[in-house]
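See below for the structure under consideration.
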Amino acid sequence: MLKINIPAKAHLCQQLQDYPRINDPAPLGSYPADDVIFLLKDIGPLIQEQGNEERERAMQSGRHYSEMLPIEYKPNQEYIDLFHQALKETSYRLALATAIVAETILNKRGRNVVLVSLARAGTPVGVLIKRYIKHFYGINAPHYSISIIRDKGIDKNALLYILQRHMNYELQFIDGWTGKGTITRELLYSIAGFAREFGLAENTICQDIAVLADPGCCANIFGTRDDFLIPSACLNATISGLVSRTIYRDDLVGPADFHGVKFYRELAGEDLSNYFVDSITGHFNTARIQAQHLLTKQPAIGVDQRPAWRGRKETKKIMAAFGIKNINLVKPGVGETTRVLLRRVPWKILVKDMASPNIKHVLILAQARGVQVIEYPDMSYSCYGLIQPMGDN
C-alpha cells in the first residue's frame with residue numbers, strides 16, 4: 001500500500017504575495033463547487049461560434065485557434081447510445097487508471113497537494129482524482145481547472161491565483177490523455193517562463209503532468225499507456241461541465257482576467273458531466289484493491305521520469321508517408337482523432353484495425369461526415385486523424 005508520508009514543501013517565494021491579488025472567479029460550470037473551481041472567464045455573450053471549415057481556413061491562414069470557437073457538435077441518438085455503451089464497457093478500466101494515478105500522486109506529492117486540471121479534457125479526470133483522494137484518504141484536495149493554449153502558454157493569472165492561496169502546497173497538473181505531447185511541452189515551457197518572470201527558483205513549481213492514458217509516452221504519471229476510448233472524448237461541453245474550449249483574445253481577455261470560455265447553460269438538459277464521473281466512481285472500491293496490488297508488486301507502474309515521446313516520433317513518420325508539411329494537421333490517438341472529427345475539417349482517418357472496439361465512434365463520425373477511413377496497420381496508435389490541408393500545403 002502506498003503511504004502518504006512525504007512532507008509538503010514550503011518553497012514558494014514571498015514575492016508572489018507582493019503582486020496584486022487575483023480576484024476570485026465567478027461561479028462557472030455544472031460540477032458541484034466542491035468538485036472543481038473553474039479559473040476561467042465566461043465570454044460567451046461576446047463571441048460568435050464559427051463553422052469548422054471557416055475556422056480551418058482561418059487557422060491555416062495564420063489565425064490562432066484560441067481566437068475562435070467551433071459550433072458545438074450535436075450528436076444523433078446513435079452516437080449518444082454509443083457513448084453510453086462505451087462508458088459501460090470502459091468505466092472499470094477508467095476507475096483503475098484513476099486509482100493508479102491518484103495513489104501515485106499522493107505518494108509523490110503528499111497530503112498537501114493542489115490538483116490543477118487543464119481545461120477542458122483534464123477537468124473530468126481532475127474531478128475523478130479529487131473524489132478518489134477524498135473518499136479513501138479524507139483529503140479534500142483543492143482542485144482548479146485552468147487554461148493552457150498551444151503557442152500561447154498557461155494562464156498566468158490562474159497560476160498566480162493558485163500559488164498566492166496555496167503557498168505550502170505541491171501542484172499536480174492533470175490532463176485526460178496524450179497524443180504528440182504538444183500540451184506537455186507547452187506546460188514545461190510555460191512553467192519555466194513563469195518561474196523566470198516571477199523570480200522563482202528553478203523547479204520551484206512541479207512540472208509533472210498526470211493523465212489517465214499516455215499512448216504518446218510523454219507523461220510523468222499515467223494510468224495506462226493503451227490507446228483506448230475515454231468516453232469523455234466523444235462529447236464536448238456536455239461532458240466537461242458545460243464549458244467550451246478555452247479562448248484567448250486581447251479584445252475579450254484583459255490583463256487581469258482569466259482566459260475565456262463560453263458557458264453553455266442552455267445545454268443543461270443534455271449535460272452528462274456528473275453522470276460520467278458518477279459512473280466511474282461506482283467502481284472505485286474494487287479498482288483501489290487492484291491498483292494497490294499492482295503498485296505493491298511494481299511501484300513504478302504508472303511513473304516515467306524520462307518519457308520516450310513516442311507519439312511525436314511516429315507522427316513525423318505519418319507526415320512523411322502522406323506528404324503533410326504541418327505537424328498540427330496530424331492528430332494521433334483515439335481522443336485526438338475524435339476531436340478532429342468533431343471540431344476540424346478531417347481529410348482522412350487512419351485506423352490500425354477496423355474491428356477494434358476502441359474506434360466504433362470514430363467510424364460512425366467518419367461516415368456521418370463522409371471522411372475516408374484507411375486501415376493502416378503500421379502504427380502503434382488505434383487511429384490517426386489527418387486534417388484537410390487548405391490551400392498550398
Side-chain angles (χ1 to χ4, degrees), residues 8 12 16-17 19-43 98 101-102 105-106 108-134 139-149 152-176 183-184 186-187 190-191 194-195 198 200 204-212 221 232 237 239-248 253 256-261 263 273-274 277:
L12 293 176
L16 286 178
Q17 299 301 316
Y19 284 85
R21 196 167 175 85
I22 305 298
N23 292 330
D24 292 329
L28 190 67
S30 62
Y31 293 108
D34 188 55
D35 273 344
V36 62
I37 295 173
F38 287 96
L39 298 183
L40 297 165
K41 175 187 177 183
D42 183 10
I43 58 172
T98 301
V101 170
I105 288 173
L106 287 178
K108 292 190 72 175
R109 306 281 167 249
R111 297 183 67 90
N112 283 1
V113 61
V114 176
L115 306 176
V116 184
S117 59
L118 304 179
R120 64 183 168 178
T123 310
V125 179
V127 172
L128 283 168
I129 293 170
K130 163 149 186 168
R131 288 194 184 182
Y132 181 98
I133 292 173
K134 185 175 182 180
I139 301 170
N140 192 21
H143 174 213
Y144 299 96
S145 183
I146 73 174
S147 169
I148 186 169
I149 296 173
K152 293 194 175 184
I154 203 163
D155 186 340
K156 293 180 183 178
N157 286 336
L159 192 55
L160 184 57
Y161 177 97
I162 295 169
L163 296 176
Q164 286 178 332
R165 285 159 177 79
H166 304 284
M167 290 192 68
N168 294 329
Y169 281 64
E170 292 273 7
L171 271 56
Q172 176 62 63
F173 293 97
I174 297 168
D175 208 350
I183 291 300
T184 305
E186 192 68 54
L187 179 66
S190 294
I191 296 302
F194 182 93
F198 289 91
L200 305 179
T204 293
I205 305 172
C206 168
Q207 300 175 28
D208 285 1
I209 191 166
V211 298
L212 291 191
I221 299 173
S232 57
I239 205 70
S240 309
L242 295 182
V243 300
S244 71
R245 46 142 295 111
T246 57
I247 297 296
Y248 186 78
V253 177
D257 290 335
F258 299 122
H259 288 188
V261 290
F263 181 19
S273 303
N274 289 290
V277 173

How close do Ala141 and Val113 get, counting heavy atoms only, and between which atoms?
CB-O, 3.6 Å
Indicate yes or no: at least one non-hydrogen side-chain atom of Ile162 is less than 4.5 angstrom from one of Ile146.
yes
Hey, does Gln164 have a side-chain heavy atom less than 4.5 Å from the side chain of Ile22?
yes
Heavy-atom nearest pair, Asp175 first then Gly122, reads OD1-N, 3.4 Å
As an exercise, state the distance from CG of Leu128 to CG of Leu115, rounded to the nearest 0.5 Å.
11.5 Å
Between CD1 of Ile129 and OG1 of Thr98, what distance do you get to the nearest 0.5 Å?
6.5 Å
To the nearest 0.5 Å, atom CD1 of Ile191 lies from atom CD1 of Ile148 at 7.0 Å
Please say which of Val127, Thr123, Val125 ends up in a side chain to side chain contact (heavy atoms under 4.5 Å, CB included) with Val277.
Val127
Measure the CG-CZ distance between Asp42 and Phe263 for me, rounded to the nearest 0.5 Å.
7.5 Å
Student check: side-chain heavy atoms of Ile139 and Leu106 closer than 4.5 Å:
yes
Could you tell me whether a side-chain N or O of Ser190 sits under 3.5 Å from a main-chain N or O of Ile154, the two making a donor and an acceptor?
yes
Sub-4.5 Å side-chain heavy-atom contact between Leu163 and Tyr19
no
Lys41 with Asp155: basic N within carboxylate O range, under 4.0 Å
no
With side-chain contact (heavy atoms from CB on, under 4.5 Å) as the criterion, how do Leu159 and Val116 come out once you've worked through the C-alpha distance, each side chain's angles and the decisive distance to 0.1 Å?
CA-CA 9 Å; Leu159 192 55; Val116 184; 5.7 Å; no
Walk me through it: do Arg165 and Asp24 pass the test side-chain contact (heavy atoms from CB on, under 4.5 Å)?
CA-CA 11 Å; Arg165 285 159 177 79; Asp24 292 329; 3.4 Å; yes
Full working for side-chain contact (heavy atoms from CB on, under 4.5 Å) between Phe198 and Ile205
CA-CA 12 Å; Phe198 289 91; Ile205 305 172; over 6 Å; no
Counting only N and O atoms by type, is there a donor-acceptor contact under 3.5 Å from the side chain of Arg120 to the main-chain atoms of Val243?
yes
Kindly indicate whether the side chain of Leu171, heavy atoms from C-beta on, has any atom under 4.5 Å from the side chain of Arg109.
no
Run the side-chain hydrogen bond (donor to acceptor under 3.5 Å, both in side chains) test on Asn23 and Tyr161 for me, step by step, so that the C-alpha distance in whole Å, both residues' side-chain angles and the decisive distance to 0.1 Å come before the verdict.
CA-CA 8 Å; Asn23 292 330; Tyr161 177 97; over 6 Å; no
Parallel, tilted or perpendicular for Tyr31 and Phe38, by the 30°/60° rule?
parallel
Test your reading of the model: is there a side-chain donor-acceptor pair from Ser273 to the backbone of Ser240, 3.5 Å cut-off?
yes
Using the rule given for side-chain contact (heavy atoms from CB on, under 4.5 Å), can you reason through Phe258 versus Val253, listing the C-alpha separation, both sets of side-chain angles and the distance that settles it, and then say yes or no?
CA-CA 7 Å; Phe258 299 122; Val253 177; over 6 Å; no
For the residue pair Lys152 and Glu186, establish whether any side-chain heavy-atom pair is separated by less than 4.5 Å.
no
Locate the shortest heavy-atom distance separating Leu160 from Pro20; write the atom from each residue and the value.
CD2-O, 4.5 Å
What's the separation between atom CG in Leu39 and atom OG in Ser117, rounded to the nearest 0.5 Å?
9.0 Å
Is it the case that the side chain of Asn157 and the backbone of Asp257 share a donor-acceptor pair, with hydrogens and angles ignored and the cut-off at 3.5 Å?
yes
So for atom NZ, which belongs to Lys156, do other residues, nucleotides or ligands contribute more than 12 heavy atoms lying within a distance under 6.0 Å?
no
Give, for atom OG of Ser244 and atom CD1 of Ile43, the distance between the pair rounded to the nearest 0.5 Å.
7.0 Å
Quick check against the 3.5 Å criterion: does Asp208 have a side-chain atom that pairs as donor or acceptor with the backbone of Gln172?
no
Between Ser145 and Leu118 (side chain of the first, backbone of the second, donor and acceptor by atom type, cut-off under 3.5 Å), is there such a pair?
no
Does His143 reach the main-chain N or O of Asp35 with its side chain, forming a donor-acceptor pair under 3.5 Å?
yes
Below 4.5 Å, heavy atoms only, C-beta onward: do Asn274 and Pro32 meet side chain to side chain?
yes
